[in-house]
Amino acid sequence: MIQVAKIIVDVPTMQTNSPYSYLIPKQLTNELQVGMRVVVPFGNGNRKVQGFVVQIGMEEVDADQLKSIESLMDLEPVLNTELIQLSRWLADTTFSFQITCLLTMLPNVMRAKYSKQLKIVDDQMSEEQLADILPSTQWQDFETDTLSPLQQSELSKLRKQGKIEIVYRVKNQAQTKQIFQIKSHINAEQESGIVDSLRKNATKMRDLVHFLANQSKIVSQTTLEKKLAISSATIKAGEAKGWLVRKKVEQYRDPYKEFKGKTTPLTLNQEQQTALDEISQSIEKSQAKTFLLEGVTGSGKTEVYLQTIAYALAKGKTAIMLVPEIALTPQMVTRVKGRFGKQVAVLHSGLSDGEKFDEWRRIKRHEAQVVVGARSAIFAPIENVGVIIIDEEHETSYKQDDAPRYHARNVAQWRSKFYNCPLVLGSATPSLESRARSERQVYQLLRLPNRINGHPLPKVQIIDMREELQTGADQNFSQPLLNAIDKRLNMQQQSILMLNRRGYSSFIMCRDCGFVLKCPNCDISLTLHMDSRSMKCHYCGHEEPIPKQCPNCHSRKIRYYGTGTEKVEQELKTKFPSARILRMDVDTTRRKGAHERILRQFGERRADILLGTQMIAKGLDFPNVTLVGVLNADTALELPDFRSSERTFQLLTQVSGRAGRADKLGEVFVQTFNPDHYAIQLAKTQNYENFFRKEMYIRHQGKYPPYYFTLQITAANKEEKMAAQKMFAVLKELRPQLSADAIVLGPTPKPIARVKNKYYYQIVIKYKHEPNLHTAVTKILQESQSYYRQGIQLSIDAEPQSFM
DNA sequence: AGCACGCCGACT
DNA sequence: GTCGGCGTGCTC
């Protein structure tokens, strides 16, 4: 029996997906703890890899069969036992590697950077000889895959002969920000004496002395430099003369330090109070209970969340609140920070890696008790959780679409059970899954049916674009909508126009031969981008110039079809030359902070019309907006996806809520080619209840969730045949493990069959109760490693968001 | 991922 | 007869 450390190594493969035992060097026995990152030698060449210590204990093995831990990467654990346990569960349920899960839970800087270095170890070998193969400038940090095959084989030959060595290094990216703080060592009496000793023209020095003489508080070097317009050299000189001392201290990169305001709890109405009481009671009793808070737009869900959090804090506990990435606006953050101040840590993708790391450390050090963030914030290293809240729980962005394919809601449920605390799911339009669970009393339903200000919901008008087009109207704008926009411009009120662009945007087509310009790598048409004057592929990023003539028949009658925000913006400009238009889509918001800037401009009424894609539908509150127009309500309806009705209903309901929130009554125009579709008709009256019933019936008929569980298995390969064959083979192996009740769809090519030069084939399994499925699928995944080398990638998605 | 081993074809 | 191609297995 010897003491060993069980380590998950940073090698994401199926074969290495379990802990490896390592010896603990004597000098580390007191230091090493579970949850730390370490560097370990791994594999034949003993290359260094990062690893996570998941357990320390005794094991019945021979010491000389084990290797030793090389070094520590952390002085204290980065993971607690809860998160280690969670990672194991997550890897199992999402069919992914535990190492991938561990890295997903941590800030990006915890991901090690690896570098390789060439070293000559044989004196027979000269530097020139090696330089003939690889220039000496590249010996440091070289990448194997950038070398030619010849170079690779030459180097490996030398290595086998023992002439050279490849030194592996693991670099820790987790850096803290250090700043200098300055403390004065002189007082007012000393000032004149020192000044006299200076040269006459030493003005900067004099400024510094004057400042120090009258300053007893500690200031940072940067503020001092700015304040006195002096350089660090002056300060260093001052340090040398003993006027001041400089001290290096760690500083958090606080992305929200400018927010200072304080907000006080609002008075709750009866329903809000009931909801708060129910959840508080559950916090009080430490119940791992899930609540579904169903509240129409403007019903004051956020206030309930905030007071729930306040209750948890008052009980000495902490809270996590998840918000969709897109809704994590400065307004939102200010509101929470205004209530809980420095106790709040914010985590979202807009922060730099350093900022995220610092917020994460604040949480870990118990300096923050409230975590607000997007999907991955569910892994915040917070302890003693009193309540978890997921706002807009129906949002698809809570499901990660690459490995580990987890749903934040499921992770939240796991943590809620771990901490025996309630989980609150809030939405105006709950996902069918959640609503169905509350129907069966699995979740407790809490309702907020009334808007807090008592204002009626906006009037929604459905416009039949088929009729509109017959009367020769514009492709994008119906007459009633144009009139309504015109009216707002005259009344100095603002309008929001939404273009539903999912899977559909402007492409170009030849009018003579029907040729459509497609991506050479993917099976989809290229999208026109006027800002860069090019055609871009939204899947792989391929870009090429806009053709002047048809590449197929050389006709010049090649023109734009479909609708993109840019094109609509152009049209709006011609129709309303005086209107100030702001466009918000993936292209205008790519840069950091662009999103906020556009919204602020609009909020400050520096524009009349906000034109954008789905992203404008979420959680914005502009009191001066009285018109919302949805230009094409049904593009999502046409997608081959069983959730398309649900998405459309949610989107329309949400965007309608943007109109007339304050004292002005709002109006909503929905342009559609399917005016009779139930998702559109029921969104008109914001009738969630009827939509739920109708959609549940349809899901029942089609044997879809929430009546059935779903599992999607996809194979990808450069050869279409290979991908297809693999899927048939997988199904053949899986079928005997399934009961007669399981329904298998496919194998079929994905609706977008080719992306980045790869073909995708998939099967979807719909099932109610399959005790063998999990094991069978895990086995298939394990076996997939053997054909992974042939470029066949198998991926498994439990409860996919769509089948596309 | 990256390295060793081992089994086949094309060369000195 | 050997060198080197890459298919396969293993890494505490």
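All values below were derived from every heavy atom in this structure, side-chain atoms included, with hydrogens, water molecules and symmetry-related copies excluded. These numbers were taken from a predicted model, which means no experiment stands behind them.
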| Length of the line joining A:Tyr114:OH and B:dC3:P, which is rounded to integer Å | 14 Å
| field | Between C1' of B:dG2 and OH of A:Tyr168, the distance in whole Å | value | 6 Å
| Going by number, which of residues 5-16 of chain A have a non-hydrogen atom under 4.0 Å from DNA chain B? | A:Val11, A:Thr13
| If you measure only the distance, is there a donor-acceptor pair under 3.5 Å linking the side chains of A:Thr29 and A:Glu31? | no
| query | Please give, in whole Å, the distance from C:dC10 P to A:Tyr788 OH? | reply | 20 Å
| field | NZ/NE/NH1/NH2 to OD/OE distance under 4.0 Å, A:Arg409 and A:Glu393 | value | yes
| note | Rounded to whole Å, the CG-P distance (A:Asn46 to C:dT11) equals 13 Å
| Which of these nucleotides, B:dG2, C:dT11, C:dG4, is closest to any side-chain atom of A:Lys157? | C:dG4
| Is the NZ or CZ atom of A:Lys116 both under 6.0 Å from the centre of the six-membered ring of A:Phe142 and within 45° of that ring's axis? | yes
| query | A:Ile164 has an atom CD1; how far is it from atom P of B:dC3, in whole Å? | reply | 11 Å
| field | Spacing of A:Lys48 atom NZ relative to B:dA1 atom P, expressed in whole Å | value | 20 Å
| note | Rounded to whole Å, CD of A:Gln785 lies from P of B:dA1 at a distance of 8 Å
| Side-chain N or O of A:Arg789 closer than 4.0 Å to phosphate OP1/OP2 of B:dG2 | no
| remark: Between A:Val170 and A:Met73 the two heavy atoms that sit nearest each other are CG1-CE, 3.9 Å
| remark: Per salt bridge (Lys or Arg N to Asp or Glu O under 4.0 Å), A:Arg365 is matched among A:Glu250, A:Glu76, A:Glu383 by A:Glu250
| query | Is there a side-chain contact between A:Arg88 and A:Gln98, using heavy atoms and a 4.5 Å cut-off? | reply | yes
| said: Please classify the nucleic acid contact of A:Tyr22 as base, sugar-phosphate, or nothing, using heavy-atom distances under 4.0 Å. | reply: sugar-phosphate
| field | Whole-Å distance separating the CG atom of A:Leu155 from the P atom of B:dC3 | value | 11 Å
